[in-house]
Asks: 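First the structure, which I've put down as structure tokens, then a few questions once you've had a look.
First the proteins, then the strands, lettered A, B, ... as listed; each starts at 1.
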Amino acid sequence: MDFPEPIRLLAFLLGMMAFVAVNAAYLVWAERKGAGRFQRRPGPTEVGWAGLLQPVADGIKLISKQVIVPPGADPILFRVAPLLVMAPAMMTLAVIPFSETLVGRDINVGLVFVFAFGAINVMAIMMGGWASRNKYAIISAARVVSQDVAYEIPMLLVVITLLMVTGTMNLNEIVQQQAGWFWHWNLFRLDVNPLMPVTFIIFFICMLAETNRAPFDMAEAESELVAGAFTEYAGMGFGVFFMAEYANIVVGCSLATVLFLGGWQSPFGVGSGVIWFLLKMYALVFTVIWVRWTFPRTQFYSLLNLSWKILIPISMVTLVLTCILLKLT
Amino acid sequence: MTDFPLAFDAARSYRRVNVSAELSQYIPVGLLILIAIAFAAGMLLASTALGQKGRRPAVKDTPYECGMIPVGDAHMRFPVKFHIVATLFILFDIEVVFLYPWAVVFKPLLKDPQTGMTIFTSMLTFLGILFVGYVYCWKKGALDWAPRRETPQPPA
């Protein structure tokens, strides 16, 4: 089927919206159910079978709440922040290749595109927090900025290590290079660069920190900051931030899948397709949830120390070693 | 001086690329931004339209502070540490961005005996300088976030 490009794009974006909305709703369900099971309790059970209708009920509740813009808040920034947090998450999904043909826009600098839009997320949360004029929100905003910028550097550094091996920033080409059995995936290509697993682990840690997930959820540390930057947002305003958080997790895991786990390639060399992409991506999402309910929250200082004093030196050394290794071979 | 003609050639071959075709690739991306913003705006508007309406007592409009009447303004002064973090980030981030185009052309240029050594040593020098700057920051204490712990003095 060959649709004209604008129609295909529009259809893709509508599909993407549905994907983001359903993902956000059911990842919340999965998270609550998972949290319950990790803590030896059943989780949501009341609404629908196994609580499956819980997200629908939550959505209706959020939409039916009163939208409040506090008089003390900055009226423009407060309203713009939810828009700005949602848009980049959807934009980044538009360049991620779900399968060889299922990609919104196959641009040759896809990787830079993802990072460029991913960085806007930080600004949006900071805007929301600052505009709220609430002490918790502002403390949270300051934490978000210093945390996300700290983890952005090692993340960008380790991706350079990967780029030196792939030689392209086109996400589709990166996936195509990993065709074949699973030892052709970038994560296991030890013959090219034995430091690949280190790269992946640093990338994953940074991804957790960038999406403000536990053990790095200093932005929304419920026990100290109520709801962090979103404290003053009522109803759907909060809902949009919440949705964007899960959309960002999906984006982060998708990127990890594309870069390190062979994207839509099957692990056995035959029968690649979108199903493999989703399987790998949701396995990573499950790991993210698993990590959240297994590790306690870190302290803010040790969080920054981990990035600036441990991850940045390691990723720099990885970069130099890769450089030398490629020179020698 | 082998790298100058190379850069020149690269610039010339870039010229040959049809610039308007390259850029028109991004027109749909601009459209996507609009639609993505409309998606979020739509949800908020739906909430405004369908949500509860009515009188808002003054108490409902005060910033949340665990149920207390808020003390002082929320826009307070911040530790200068956060400013240092921001500055350091901008420095490192810009230097990292320089590495991206280099990383993409690294392998092909490394194979070429004419440029192999240049691309290898130039970036090692760059990274070396970056690393010296990093060590300087560390030694200056720019990376010490924790407040200094006062050691208890024995009574005189």
Asks: As an exercise: rank A/Phe113, A/Trp130, A/Phe117, A/Tyr136 by heavy-atom pairs under 4.5 Å with chain B and give me the winner.
Replies: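 Highest number of pairs under 4.5 Å: A/Trp130.
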Asks: Less than 4.5 Å to any heavy atom of chain B: does that hold for the side chain of A/Met90, its backbone, both, or neither?
Replies: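 Just its side chain gets close to chain B.
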Asks: More than 12 non-hydrogen atoms from neighbouring residues, nucleotides or ligands closer than 6.0 Å to NZ on A/Lys65, yes or no?
Replies: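 At most 12 heavy atoms, drawn from other residues, nucleotides or ligands, come within 6.0 Å of this atom.
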Asks: How about CZ on B/Phe98, more than 12 heavy atoms from neighbouring residues, nucleotides or ligands closer than 6.0 Å, or not?
Replies: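 No, CZ of B/Phe98 has 12 or fewer neighbouring heavy atoms, counting only those of other groups under 6.0 Å.
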Asks: Could you have a look at A/Ser132, A/Gly239, A/Pro82, A/Cys323 and say which one has the most heavy-atom pairs with chain B under 4.5 angstrom?
Replies: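 Counting heavy-atom pairs under 4.5 Å, the top option is A/Cys323.
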Asks: Any side-chain heavy atom of B/Phe39 within less than 4.5 Å of one from A/Met16?
Replies: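 No, their side chains stay 4.5 Å or more apart.
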Asks: Picking from A/Ser146, A/Pro70, A/Ala150, which has the most non-hydrogen pairs under 4.5 angstrom with chain B?
Replies: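 Most heavy-atom pairs within the cutoff with chain B belong to A/Ser146.
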Asks: So how far is it from A/Leu83 CG to B/Ile33 CD1, rounded to the nearest 0.5 Å?
Replies: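 That separation rounds to 13.0 Å.
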Asks: Would a 4.5 Å heavy-atom cut-off, applied to side chains only, mark A/Met17 and B/Ile35 as touching?
Replies: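 Yes, side chains in contact.
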Asks: Heavy-atom cut-off 4.5 Å, strictly under: side chain, backbone, both or neither for A/Val85 against chain B?
Replies: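 Neither part, no heavy atoms under 4.5 Å.
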Asks: Do you know which of A/Val67, A/Val69, A/Leu156, A/Leu84 has the most heavy-atom pairs under 4.5 Å to chain B?
Replies: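 Most pairs with chain B among the choices: A/Leu156.
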Asks: Under a 4.5 Å heavy-atom cut-off, does chain A meet the side chain of B/Ile37, its backbone, both or neither?
Replies: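 Contact with chain A is through both the backbone and side chain of B/Ile37.
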Asks: So what's closer than 4.5 Å to chain B heavy atoms on A/Lys135: side chain, backbone, both or neither?
Replies: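 Both backbone and side chain.
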Asks: Roughly how far apart are B/Thr48 OG1 and A/Met236 CE, rounded to 0.5 Å?
Replies: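 Here the interatomic distance stands at 10.5 Å.
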Asks: Output the distance between atom CE (A/Met243) and atom CE (B/Met43), rounded to the nearest 0.5 Å.
Replies: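 Between atom CE of A/Met243 and atom CE of B/Met43 there are 4.0 Å.
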Asks: Quick one: which of A/Thr166, A/Ile312, A/Asn134 has the most heavy-atom pairs under 4.5 Å with chain B, could you say?
Replies: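 That would be A/Asn134.
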Asks: Is it the backbone or the side chain of A/Ile324 that comes under 4.5 Å from a heavy atom of chain B, or both, or neither?
Replies: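 A/Ile324 touches chain B through backbone and side-chain heavy atoms alike.
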Asks: Quick check on the interface: out of B/Leu50, B/Ile119, B/Leu127, B/Val96, who has the most heavy-atom pairs with chain A under 4.5 Å?
Replies: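 Answer, by heavy-atom pair count under 4.5 Å with chain A: B/Val96.
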Asks: Tell me, with the steps shown, if B/Ser47 and A/Phe238 meet side-chain contact (heavy atoms from CB on, under 4.5 Å).
Replies: CA-CA 11 Å; B/Ser47 185; A/Phe238 179 79; over 6 Å; no
Asks: Using heavy-atom distances under 4.5 Å, tell me whether A/Pro88 contacts chain B through its side chain, its backbone, both, or neither.
Replies: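 Interface part for A/Pro88: neither.
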Asks: Are the side chains of B/Leu99 and A/Leu157 in contact, using a 4.5 Å heavy-atom criterion?
Replies: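 The answer is yes, as the side chains (C-beta and beyond) meet within the 4.5 Å cut-off.
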Asks: Looking at CG of A/Asn305 and CG of B/Leu143, how far apart are the two atoms once the value is rounded to the nearest 0.5 Å?
Replies: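 One gets 8.0 Å once the value is rounded to the nearest 0.5 Å.
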Asks: More than 12 non-hydrogen atoms from neighbouring residues, nucleotides or ligands closer than 6.0 Å to CZ on B/Phe126, yes or no?
Replies: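 Counting other residues, nucleotides and ligands, CZ of B/Phe126 exceeds 12 neighbours.
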Asks: Side chain, backbone, both or neither: which part of B/Met123 has a non-hydrogen atom closer than 4.5 Å to chain A?
Replies: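 Neither the backbone nor the side chain of B/Met123 comes within 4.5 Å of chain A.
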Asks: Any side-chain heavy-atom pair from A/Val149 and B/Val85 closer than 4.5 angstrom?
Replies: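 Result yes, sub-4.5 Å side-chain heavy-atom pair found.
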Asks: Please identify which of these residues, B/Tyr134, B/Phe89, B/Phe92, meets the ring pair (Phe, Tyr, Trp, His ring centres under 6.0 Å) condition with A/Trp308.
Replies: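 Only one option passes, and that is B/Phe92.
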Asks: Got a second to check how far B/Phe120's CZ is from A/Leu328's CG, nearest 0.5 Å?
Replies: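 Between B/Phe120 CZ and A/Leu328 CG, I get 7.0 Å after rounding to 0.5 Å.
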Asks: Can you say whether B/Ala86 sits under 4.5 Å from chain A via the side chain, the backbone, both, or neither, judging by heavy atoms?
Replies: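 Neither part.
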Asks: With the side chain counted from C-beta on, respond yes when B/Tyr100 and A/Val159 share a heavy-atom pair under 4.5 Å apart, and no when they do not.
Replies: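 Counting from C-beta outward, B/Tyr100 and A/Val159 do come under 4.5 Å.
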Asks: Taking every heavy-atom pair that is under 4.5 Å apart, which of B/Leu88, B/Val97, B/Val105 has the most such pairs with chain A?
Replies: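 Top count of heavy-atom pairs under 4.5 Å with chain A: B/Leu88.
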Asks: Donor-acceptor pair, B/Lys107 side chain versus A/Val165 backbone, under 3.5 Å?
Replies: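 Yes, because the side chain of B/Lys107 sits within donor-acceptor range (under 3.5 Å) of the backbone of A/Val165.
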Asks: Between A/Thr168, A/Val240, A/Val20, A/Ile68, which residue shows the highest count of heavy-atom pairs closer than 4.5 Å to chain B?
Replies: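 Sorted descending by pairs with chain B, the first entry is A/Ile68.
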